[in-house]
Enquirer: 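Provided herewith is a single structure, encoded as structure tokens, for subsequent inquiry.
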Amino acid sequence: MKKKLLGILLGTSLVLAACGGDDGGDSKETSSGGMDAEKIVNNKCTSCHGGNLEGGMGPALNDIGSRLDKDQILEIIQNGKGQMPADLVKGEEAEAVAEWLANKK
């Protein structure tokens, strides 16, 4: 019984987490006027890619910049890949996240 309940709770939390945290579109801006990419990643990506981007249901992103450049990362964010759906992050936020991740080496 406990395993079944735990499985239901885990499954429900993963589904809810995959939707990401929506802050109403008012993403915090950095002092340079750019989007706070780390906050966006924490809200939208860590449920699948792990709290430290070490991987989980999705691949590790903690060194993604050593494998892919900003444009390649942005393409994956926009078009999805494997189990990752397209457009979880859009527009300027997607650009900021791609740039931030490209610096993870």
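Residues take their numbers from the sequence shown, with the count starting at 1. In what follows, every heavy atom counts, from backbone to side chain, and hydrogens, waters and symmetry copies are set aside.
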Enquirer: When rounded to the nearest 0.5 angstrom, what is the spacing between CD1 in Ile40 and OG1 in Thr46?
Expert: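 Ile40 atom CD1 to Thr46 atom OG1 measures 12.5 Å (nearest 0.5 Å).
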Enquirer: Which residue pairs pass the salt bridge (charged side-chain N to carboxylate O under 4.0 Å, His left out) test when at least one of the two sits in residues 96-105, sequence neighbours left out?
Expert: none
Enquirer: Which donor-acceptor pairs under 3.5 Å do side chains of residues 74-85 form with protein atoms, sequence neighbours excluded?
Expert:
unit_1 : atom_1 : unit_2 : atom_2 : d
Asn79  : ND2    : Glu75  : O      : 3.3

Enquirer: Check Val89 against Ala94 and note the closest heavy-atom contact, atom names and distance.
Expert: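 The answer is CG1-N, 3.4 Å.
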Enquirer: Sequence neighbours excluded and cut-off under 3.5 Å, please list the side-chain donor-acceptor pairs for residues 51-70, or say none.
Expert:
unit_1 : atom_1 : unit_2 : atom_2 : d
Glu54  : OE1    : Asn52  : N      : 2.8
Asp63  : OD1    : Arg67  : NH1    : 2.4
Asp63  : OD2    : Arg67  : NH1    : 3.4
Ser66  : OG     : Asp63  : O      : 2.6
Arg67  : NH2    : Ala60  : O      : 3.1
Asp69  : OD1    : Asp71  : N      : 3.1
Asp69  : OD1    : Gln72  : N      : 2.8
Lys70  : NZ     : Glu95  : OE1    : 3.2

Enquirer: Looking only at heavy atoms, which two atoms of Ala96 and Ala37 are closest? And how far apart?
Expert: O-CB, 3.4 Å
Enquirer: Once you round to the nearest 0.5 Å, how far does CG of Asn42 lie from NE2 of His49?
Expert: 12.5 Å
